[in-house]
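Being a predicted model, the structure only gives us computed values, none of them experimental.
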Amino acid sequence: MSELTALDAEIRDLLRFAAERSMLPRFRALAEDDVEMKGEDDPVTVVDREVEDFLTEALTRLAPGVAVVGEEAVHADAGVLGNLSGQCWIIDPLDGTANFTEGKEPFGIIVALADAGRAVAGWIYDPNLDRLCHVRAGEGAKINGETVSARTTGENPPVTAVSRMFLTPEEAAVLDAKLAAHYTLVDIPRCAAEQYPRLVLGQNDVSTFKRTYPWDHAAGVLWLNEAGGRAARLDGSEYRVDDGAGKPGLVGASSPAIWDEFIARVTG
């Protein structure tokens, strides 16, 4: 029988409430002035800001004195990133914003709890499935209270979700030359809240990420590793939430063996 801890149930209820109040009513119903562009191919909506404000207040009440690092707060003030080296909550209030603005799934909400630069707990909520992926360091990965173990697709060649959005033409050409003959290449869902579950639930074997923001990856990296898969930087180093700019990209895989084989092909 599945069972959530008191903290997991409280976080789930906060995420569910935020989705039901702010997110789902506006899905496919955004007004033109509900969307702005932070940069090229980087939209932000009234939903992002509303959910982040709500969760920031709620998590601060839940754990007074613990800093909050929200994606939109960082966009407004990069100094907020300094809190990543201490104990902090990390919030992605609407992961998959580009999908959301186009009226497409998937999208979700991601929250992580970090301490001294490492994620120690995480929650990934899909409001369309009412699915909560949650994890605490050293206690295994769970979905809605039930322990899960990563499984491969069983496909040969393995299924690899590749993000090309931020690659240069030269990087994309190298990727194709090294991988196309050895993997079935598929598009990413443009939503880390969906990509990490795909790596655990037997839908993808590998996924690559060039951009490695903590709000996108802190919870997912911990959850995948605790499920028995592997997520690490391209050079094999541990993913830390307080990594600065210039760190190599991130690779997640449904098993350590698949991760090792992929890295050998990419770096060989």
Side-chain angles (χ1 to χ4, degrees), residues 3-19 22 48-95 108-125 132-145 147 192-193 196-197 209 211-227 229-233 237-248 250 252:
E3 185 175 344
L4 297 178
T5 67
L7 178 60
D8 291 331
E10 186 153 7
I11 299 292
R12 177 204 59 196
D13 291 347
L14 290 174
L15 302 183
R16 183 184 283 162
F17 177 80
S22 300
D48 296 76
R49 292 175 174 140
E50 196 170 280
V51 171
E52 184 167 315
D53 287 348
F54 166 73
L55 289 176
T56 297
E57 181 179 349
L59 294 172
T60 299
R61 287 200 310 269
L62 182 64
V66 177
V68 178
V69 179
E71 178 179 3
E72 305 314 322
V74 170
H75 179 69
D77 176 9
V80 174
L81 290 170
N83 292 317
L84 290 170
S85 294
Q87 191 175 43
C88 64
W89 299 100
I90 304 170
I91 302 172
D92 189 336
L94 174 51
D95 185 58
I109 310 173
I110 305 175
V111 173
L113 180 63
D115 192 14
R118 292 181 171 90
V120 296
W123 300 266
I124 304 171
Y125 183 63
L132 181 71
C133 302
H134 53 108
V135 62
R136 195 166 301 172
E139 297 183 12
K142 298 182 180 182
I143 296 179
N144 295 337
T147 300
Y196 282 102
F209 307 93
R211 296 203 313 186
T212 59
Y213 296 131
W215 41 87
D216 289 326
H217 297 286
V221 165
L222 178 62
W223 187 73
L224 176 57
N225 283 327
E226 286 283 332
R230 187 175 185 200
R233 292 201 175 273
S237 62
E238 172 192 15
Y239 177 80
R240 293 178 54 90
V241 303
D242 59 353
D243 284 338
K247 291 287 185 178
L250 177 64

**Test item: Tyr125 side-chain N/O and Asp13 main-chain N/O as donor-acceptor pair under 3.5 Å** = no
**Asked** What's the spacing between Asp95 CG and Ile110 CD1 if we round to 0.5 Å?
**Response** 4.0 Å
**Request:** Heavy atoms only: give me the nearest Val135-Ala219 pair and the separation to one decimal.
**Result:** CG1-O, 4.2 Å
**Message:** Treating Arg233 as the side-chain partner and Glu238 as the backbone partner, does any N or O pair qualify as donor plus acceptor under 3.5 Å?
**Reply:** no
**Message:** With a 3.5 Å distance limit and no angle check, can you tell me whether Asp53 reaches the backbone of Glu50 through a side-chain donor-acceptor pair?
**Reply:** no
**Request:** Begin with the C-alpha distance, continue with both residues' side-chain angles, and end with the deciding distance and a verdict on side-chain hydrogen bond (donor to acceptor under 3.5 Å, both in side chains) for Asp8 and Thr5.
**Result:** CA-CA 5 Å; Asp8 291 331; Thr5 67; 3.0 Å; yes
**Request:** Give, for atom CG of Asp48 and atom CD1 of Ile91, the distance between the pair rounded to the nearest 0.5 Å.
**Result:** 12.0 Å
**Request:** Measure the spacing between CZ of Arg12 and CG of Leu7 and express it to the nearest 0.5 Å.
**Result:** 11.5 Å
**Asked** Should we count OH of Tyr213 as having more than 12 external heavy atoms under 6.0 Å?
**Response** no
**Heavy-atom side-chain proximity of Val241 to Arg118 below 4.5 angstrom** = no
**Prompt:** Is the backbone N or O of Ala116 less than 3.5 Å from a side-chain atom of Arg240, with the two atoms forming a donor-acceptor pair by type?
**Reply:** yes
**Item:** Criterion ring pair (Phe, Tyr, Trp, His ring centres under 6.0 Å) on Tyr196 and Phe209, from CA distance to verdict
**Value:** CA-CA 11 Å; Tyr196 282 102; Phe209 307 93; 5.6 Å; yes
**Fill in**
Tightest non-hydrogen contact, residues Pro197 and Cys133, listed as CG-SG, 3.9 Å
**Request:** Taking all non-hydrogen atoms of both residues into account, name the closest pair between Ala231 and Asn225 and its distance.
**Result:** N-OD1, 2.8 Å
**Message:** Rounded to the nearest 0.5 Å, what separates atom CG in Leu250 from atom CG in Asp243?
**Reply:** 10.0 Å
**Message:** For Asp92 versus Trp215, what's the shortest heavy-atom pair and its separation?
**Reply:** CB-O, 3.3 Å
**Request:** Give a yes or no answer on whether the side chain of Glu226 reaches the backbone of Ala141 with a donor-acceptor pair at less than 3.5 Å.
**Result:** no
**Fill in**
The reported gap from CG in Leu94 to CD1 in Ile109 (rounded to nearest 0.5 angstrom) is 8.0 Å
**Asked** From Trp123 CH2 over to Leu132 CG, what is the distance, rounded to the nearest 0.5 angstrom?
**Response** 9.0 Å
**Prompt:** Do you know which two heavy atoms are closest between Asp242 and Ser85, and how far apart they sit?
**Reply:** OD2-OG, 3.3 Å
**Request:** Indicate yes or no: at least one non-hydrogen side-chain atom of Leu14 is less than 4.5 angstrom from one of Phe54.
**Result:** yes
**Non-hydrogen side-chain atoms of Thr60 and Val68 separated by less than 4.5 Å** = yes
Result block: side-chain N/O donor-acceptor pairs under 3.5 angstrom for residues 72-84, not counting sequence neighbours:
residue, atom, partner, partner atom, Å
Glu72, OE1, Lys38, NZ, 3.2
Glu72, OE2, Lys38, NZ, 3.2
Asp77, OD1, Gly79, N, 2.9
Asn83, ND2, Val80, O, 3.4

**Item:** Given Val69, Leu113, Leu59, the one that forms side chain to side chain contact (heavy atoms under 4.5 Å, CB included) with Cys88
**Value:** Val69
**Item:** Steps toward side chain to side chain contact (heavy atoms under 4.5 Å, CB included) verdict (Leu224, Arg230)
**Value:** CA-CA 6 Å; Leu224 176 57; Arg230 187 175 185 200; over 6 Å; no
**Request:** State whether the side chain of His134 and the backbone N or O of Gly122 hold a donor-acceptor pair below 3.5 Å, judged by distance alone.
**Result:** no
**Request:** Kindly say whether Glu71 contributes a backbone atom to a donor-acceptor pair with the side chain of Glu52 at under 3.5 angstrom?
**Result:** yes
**Prompt:** Looking only at heavy atoms, which two atoms of Val51 and Pro93 are closest? And how far apart?
**Reply:** CG1-O, 3.5 Å
